[in-house]
Amino acid sequence: MTSNAPLTWPDLPARQQPSWPDVDELAEAQNTLASYPPLVFAGECDVLMDRLAEASRGEAFVLMGGDCAETFASATADNIRDRVKTILQMAAVLTYGASMPVVKIGRMAGQYAKPRSKDTEVRGGQELPAYRGDMVNDFAFAPQNRRPDPARLVRAYHASSATLNLVRAFTQGGFGDLRHVHDWNRGFIANQANQRYERIARDIDRAIRFMAACGADFEALRRVDVWASHEALLLDYERPLTRIDSRTGRPYATSGHFLWVGERTRDLHEAHIDFVTRITNPVGVKVGPTATPEDLLAIIDRVDPDRVPGRLTFITRMGRDVVRTNLPPLLRAVKDSGALVTWVCDPMHGNTFESDNGYKTRRFEDIVEEVRGFFEAHADAGTHPGGMHVELTGNDVTECLGGVMHLADADLERRYETLCDPRLNHQQSLELAFVVAEMLAAR
Ligand code: PEP
Ligand code: MN
């Protein structure tokens with residue numbers, strides 16, 4: 001178990017934090033969080049670290065996915081089920097393509113805080129604080145809604161706790177049984193537009209029948225591990241949930257199994273990198289197109305000085321146009337340094353643009369192209385492409401363009417629901433899994 005002994009934190013600059021209007025309310029919320037039980041356990045984080053170490057050595061493939069920004073309103077049973085279902089369906093296809101275990105990580109149960117390009121938003125002459133995620137304020141554009149409210153930190157904890165409870169129930173209770181998951185994927189293939197993937201689905205079918213004929217222990221396959229991850233952005237939430245594990249005597253973030261530092265907060269001398277150096281969990285750092293080999297080597301020295309396998313994941317988000325030029329020097333520099341990290345491709349954040357009709361969107365084809373470039377870069381550098389990180393939902397939203405459904409600009413308004421970045425819908429997510437499975441199988 002973990003103890004709630006208070007930890008001390010250095011006073012470092014921290015970007016992207018809200019200005020809470022009431023410090024007493026903040027202290028109260030933090031004390032409440034500090035008194036609550038951990039959402040995840042240290043031993044679970046250690047197991048995930050081992051899984052990520054496998055991915056760093058090319059013995060497993062990571063699939064991390066979920067909303068750009070979770071919201072309290074969308075933390076419903078159906079939404080959570082459908083997101084988990086989408087991740088499991090994708091994982092089944094990727095497992096087949098890679099012939100390797102897939103490490104399934106939900107970008108969920110804590111993804112409630114967002115970095116923003118501006119502190120305020122102006123509409124119709126009125127200037128209000130920017131929406132920073134449900135953990136901070138409300139999306140509705142009115143002064144009382146946009147006021148940062150520390151009570152939301154506590155609500156985020158409860159929403160995360162309920163989400164994680166359901167994820168654990170689904171994944172340990174038989175919902176994730178490979179045979180069900182494959183049945184769901186049959187529904188996807190039944191659609192005429194997806195005929196192209198029929199062969200993979202048929203091969204998986206045959207593999208399952210082969211396993212059954214050999215007397216495989218399907219009972220064991222009824223339980224799957226789905227881990228929880230989010231961006232460690234809001235330090236006022238993360239710090240009170242950081243606890244000392246009594247077994248190892250080391251601090252762990254207990255808000256999620258895997259936490260990452262975003263592209264905008266990864267300054268080596270600031271509070272976010274400092275935070276992840278102090279926790280024992282496996283952690284990620286997002287890496288954009290301007291990152292230099294020196295930046296990455298310095299991050300490795302700070303975040304993973306002991307070179308613990310699975311400890312550090314670089315989540316690269318280059319953009320389709322530059323992934324083939326900007327990624328290889330980074331891969332080579334890290335490889336030449338002798339360090340081993342897990343490389344995960346985020347093909348979403350380097351490919352965002354505004355559609356002609358004013359929606360923040362991404363093209364399915366650009367996303368596929370960045371993943372393809374990621375595999376090529378690793379093949380050239382002789383490093384392991386360890387996985388992918390995608391923004392997705394289990395719902396039939398219309399936020400990203402393209403895919404076999406050929407979503408066009410005019411379709412975006414039909415069901416554009418994200419409060420932050422555009423997500424792949426259920427169909428697009430599965431299609432991506434099949435395309436990437438083909439890439440993995442062709443290696
Ligand atoms: C995100 O993952 O939603 C995000 C803000 O990404 P990045 O830090 O890569 O910009
Ligand atoms: Mn995003």
Side-chain angles (χ1 to χ4, degrees), residues 52 55-58 60-65 68 90 93-94 97-100 102-103 105 107 196-197 200 260 262-263 266 284-293 295-296 299 312-336 340-353 360-392 400-404 421-424 428-443:
L52 291 166
S56 73
R57 297 190 296 263
F61 192 77
V62 177
L63 171 64
M64 206 181 304
C68 177
M90 294 175 77
V93 177
L94 292 168
S99 300
M100 278 191 274
V102 170
V103 186
I105 308 178
R107 184 183 154 119
R196 184 182 149 206
Y197 305 113
I200 299 187
W260 75 85
E263 165 75 351
R266 63 171 168 78
V285 178
K286 292 276 204 114
V287 175
T290 57
T292 63
D295 291 340
L296 267 58
I299 293 171
L312 177 60
T313 297
F314 281 130
I315 306 171
T316 62
R317 25 91 85 225
M318 297 285 151
R320 61 159 279 174
D321 293 333
V322 300
V323 62
R324 289 176 178 81
T325 48
N326 294 26
L327 185 55
L330 303 180
L331 302 179
R332 286 201 193 92
V334 171
K335 185 185 175 196
D336 292 347
L340 187 61
V341 302
T342 310
W343 294 100
V344 166
C345 174
D346 165 0
M348 313 298 292
H349 289 88
N351 296 305
T352 316
F353 65 97
K360 194 178 187 187
T361 190
R362 295 161 174 154
R363 275 191 204 91
F364 180 81
E365 287 68 24
D366 292 345
I367 291 165
V368 169
E369 199 46 34
E370 176 152 359
V371 179
R372 204 180 293 285
F374 172 81
F375 280 114
E376 286 174 21
H378 281 280
D380 287 353
T383 44
H384 299 295
M388 66 177 179
H389 176 121
V390 282
E391 288 183 342
L392 59 79
C400 290
L401 301 169
V404 287
D421 290 338
R423 302 159 296 178
L424 295 174
Q428 290 169 326
S429 302
L430 292 183
E431 191 181 347
L432 179 65
F434 276 97
V435 179
V436 175
E438 286 179 343
M439 293 179 203
L440 283 162
R443 293 189 309 150

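What you see is a predicted model; the values in this text were computed from it and never measured. FYI, side chains are in, hydrogens and waters are out, and symmetry mates aren't considered; it's all heavy atoms of this structure.
The side-chain contact (heavy atoms from CB on, under 4.5 Å) test applied to His384 returns no partner, not counting sequence neighbours. Checked against salt bridge (Lys or Arg N to Asp or Glu O under 4.0 Å), Asp295 has no partners two or more places apart in sequence or in another chain.
Arg266 places a side-chain N or O within donor-acceptor distance of the main-chain N or O of Lys286, the cut-off being under 3.5 Å. Without hydrogens or angle criteria, Arg320 side chain to Ile367 main chain gives no donor-acceptor distance under 3.5 Å. Lys335 places a side-chain N or O within 3.5 Å of a backbone atom of Ala381 that can act as its donor or acceptor partner. Thr342 places a side-chain N or O within donor-acceptor distance of the main-chain N or O of Leu52, the cut-off being under 3.5 Å. In terms of modelled atom types and a separation under 3.5 Å, the side chain of Glu365 and the main chain of Gly403 share a donor-acceptor contact.
Between Trp343 and Phe314, the two ring planes are tilted [angle within 30° to 60°].
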Q) Can you list the steps and then say if Met90 with Leu430 is a side chain to side chain contact (heavy atoms under 4.5 Å, CB included)? A) CA-CA 6 Å; Met90 294 175 77; Leu430 292 183; 4.1 Å; yes
Q) Are Met100 and Leu94 close enough, and set up right, to give a side chain to side chain contact (heavy atoms under 4.5 Å, CB included), and what steps lead you there? A) CA-CA 8 Å; Met100 278 191 274; Leu94 292 168; over 6 Å; no
Q. Please walk me through it: do Trp260 and Thr313 pass side chain to side chain contact (heavy atoms under 4.5 Å, CB included)?
A. CA-CA 8 Å; Trp260 75 85; Thr313 297; over 6 Å; no
Q: Run the numbers on Thr361 and Phe353 for side chain to side chain contact (heavy atoms under 4.5 Å, CB included), then give the verdict.
A: CA-CA 6 Å; Thr361 190; Phe353 65 97; 3.7 Å; yes
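Here the CZ atom belonging to Arg57 is positioned 7.5 Å from the CG atom belonging to Leu340, to the nearest 0.5 angstrom. In this structure, CE on Met388 lies 5.5 Å from CG on Leu63, to the nearest 0.5 angstrom. Phe61 CZ to Leu440 CG: the interatomic distance, rounded to the nearest 0.5 Å, is 5.0 Å. Between atom CZ of residue Phe364 and atom CD of residue Glu431 there is a gap of 3.5 Å, rounded to the nearest 0.5 Å. With rounding to the nearest 0.5 Å, the separation of OG1 in Thr316 from CG in Leu331 is 7.5 Å. With rounding to the nearest 0.5 angstrom, the NE2 atom of His389 is 9.5 Å from the CD1 atom of Ile105.
In this structure, the side chains of Cys68 and Met348 stay at 4.5 Å or more apart for every pair of heavy atoms. Looking at heavy atoms from C-beta onward, Arg317 lies in side-chain contact with Glu263 at the 4.5 angstrom threshold. Residues Met439 and Glu376 fail the side-chain proximity criterion, which asks for heavy atoms closer than 4.5 Å. Side-chain contact between Glu369 and Asn351: absent, with no pair of heavy atoms (C-beta onward) separated by less than 4.5 Å. Using a 4.5 Å heavy-atom cutoff, the side chains of Arg196 and Glu438 are in contact. Side chains of Pro328 and Asp380 form no contact here, defined as non-hydrogen atoms less than 4.5 Å apart.
Between Thr352 and Arg362, the closest heavy-atom pair is OG1-NE, 3.0 Å. Nearest heavy-atom pair, Leu424 versus Ser429, reported as atom, atom and distance to 0.1 Å: CB-OG, 3.6 Å. Scanning all heavy atoms of the two residues, the minimum distance from Asn326 to Pro289 falls at ND2-O, 2.9 Å. Across all their heavy atoms, Ser56 and Val341 have their closest contact at CB-O, 3.4 Å. Minimum heavy-atom separation, Glu370 to Gly319: OE1-N, 2.8 Å. Smallest separation of non-hydrogen atoms from Val62 and Ala55: CG2-CB, 3.7 Å.
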